[in-house]
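Values in this document were obtained by computation on a predicted structure and should not be read as measured data. Residue numbering restarts at 1 for every chain, and letters A, B, ... go by the order of the sequence lines.
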2 protein chains.
Amino acid sequence: MMLDARQTNDLHHPALDEIDLPSLLHALSDPMRLEIVRSLFCSAQGELACKEIVLPVSKATASHHFKVLREAGVIEQHDEGTRRISNLRSDDLERRFPGLLDSVLRAAQADETARA
Amino acid sequence: MMLDARQTNDLHHPALDEIDLPSLLHALSDPMRLEIVRSLFCSAQGELACKEIVLPVSKATASHHFKVLREAGVIEQHDEGTRRISNLRSDDLERRFPGLLDSVLRAAQADETARA
């Protein structure tokens, strides 16, 4: 019997047609969550362990932010051993709301550049 | 002495460079506020009196939604006599975050079509 190394059963992920625009925009409306999304977008492999994304908040707060992003359909998460891996659901979001994630990422980049 | 018919002095509007991405996304993350934005976008003259946008909420709640949109830089408001007129700050938003409002409006349209 093959065991899938990815354990996702305990984590809720909305199906494509359950991804809701207000919830998606709410998930993206926080600086820490935008930073998570930018980090995942910029990562070479398109995925990161939670602990690889360093945020200036407590571990509990960071976990909350990851959960909000997952439940809004922005990221997919699975466990590999003791590591929880996250990746952007870029293809799903592009199919559901074409151009939206791209324009938010561009806006976040512009915002970051303006502040630097 | 000329008097400007538009009274905006008592209403706060952020300057272009004060429009903040998380606040903008938060303002757009509510179904009623998305409906206001769509109504303004679809109106022939690009502006509407608050009472021309019929929402299934109390007047106080509607006023709150307009205020959130105004303070996030999404809409401009001014009073003409007893009417408070709102219009989308499309040009400002396009300059600040190119493509973002368009992609949100397209997403809202897709969401509406899917539900219909």
Side-chain angles (χ1 to χ4, degrees), chain A residues 14-39 41 55-57 61-62 64-65 68-69 71-75 88-116, chain B residues 14-39 41 55-57 61-62 64-65 68-69 71-75 88-116:
Chain A
L16 190 58
D17 61 0
E18 288 169 343
I19 298 176
D20 166 76
L21 182 60
S23 306
L24 174 63
L25 293 172
H26 170 72
L28 296 170
S29 72
D30 178 276
M32 290 303 115
R33 295 198 288 270
L34 279 173
E35 185 53 37
I36 294 171
V37 170
R38 286 188 57 215
S39 299
F41 179 74
L55 300 172
V57 294
T61 302
H64 166 76
H65 287 316
V68 171
L69 288 169
E71 294 191 340
V74 183
I75 63 173
L88 271 185
R89 292 179 65 179
S90 314
D91 291 349
D92 283 347
L93 291 174
E94 185 57 25
R95 209 168 306 146
R96 184 84 176 90
F97 298 122
L100 184 58
L101 183 64
D102 269 0
S103 66
V104 170
L105 283 165
R106 271 201 310 273
Q109 185 61 43
D111 215 27
E112 186 73 14
T113 308
R115 279 172 213 286
Chain B
L16 190 59
D17 62 359
E18 287 170 344
I19 299 176
D20 167 77
L21 182 61
S23 305
L24 174 63
L25 293 171
H26 170 72
L28 296 170
S29 72
D30 178 276
M32 291 302 116
R33 296 197 289 267
L34 280 173
E35 185 52 37
I36 294 171
V37 171
R38 285 188 58 216
S39 299
F41 179 74
L55 300 173
V57 295
T61 302
H64 166 74
H65 287 315
V68 171
L69 288 170
E71 294 191 340
V74 183
I75 63 173
L88 270 184
R89 293 179 65 178
S90 313
D91 291 349
D92 283 347
L93 291 173
E94 185 58 24
R95 210 166 306 145
R96 183 85 177 90
F97 299 122
L100 183 58
L101 183 66
D102 269 1
S103 66
V104 170
L105 282 165
R106 272 201 309 274
Q109 185 60 45
D111 216 27
E112 187 73 12
T113 308
R115 279 171 214 287

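Residues satisfying the side-chain contact (heavy atoms from CB on, under 4.5 Å) test with A/E71, not counting sequence neighbours, are A/K67. With sequence neighbours left out, the side chain to side chain donor-acceptor pair (under 3.5 Å) criterion links B/S90 to no other residue.
When all heavy atoms of A/R106 and B/P98 are compared, the pair lying nearest together is NH2-O, 3.9 Å. A/S103 approaches B/L100 most closely through the heavy-atom pair OG-CD1, 3.4 Å.
To the nearest 0.5 angstrom, A/L24 atom CG is 9.0 Å from B/L25 atom CG.
At a 4.5 Å heavy-atom cutoff, the contact between A/L34 and chain B is made by side-chain atoms alone. Of the atoms belonging to B/A27, not a single heavy atom falls under 4.5 Å from chain A.
For the set B/D17, B/D102, B/V104, the entry with the most heavy-atom pairs within less than 4.5 Å of chain A is B/V104. Across A/P31, A/G99, A/A107, the residue that shares the most heavy-atom pairs under 4.5 angstrom with chain B is A/A107.
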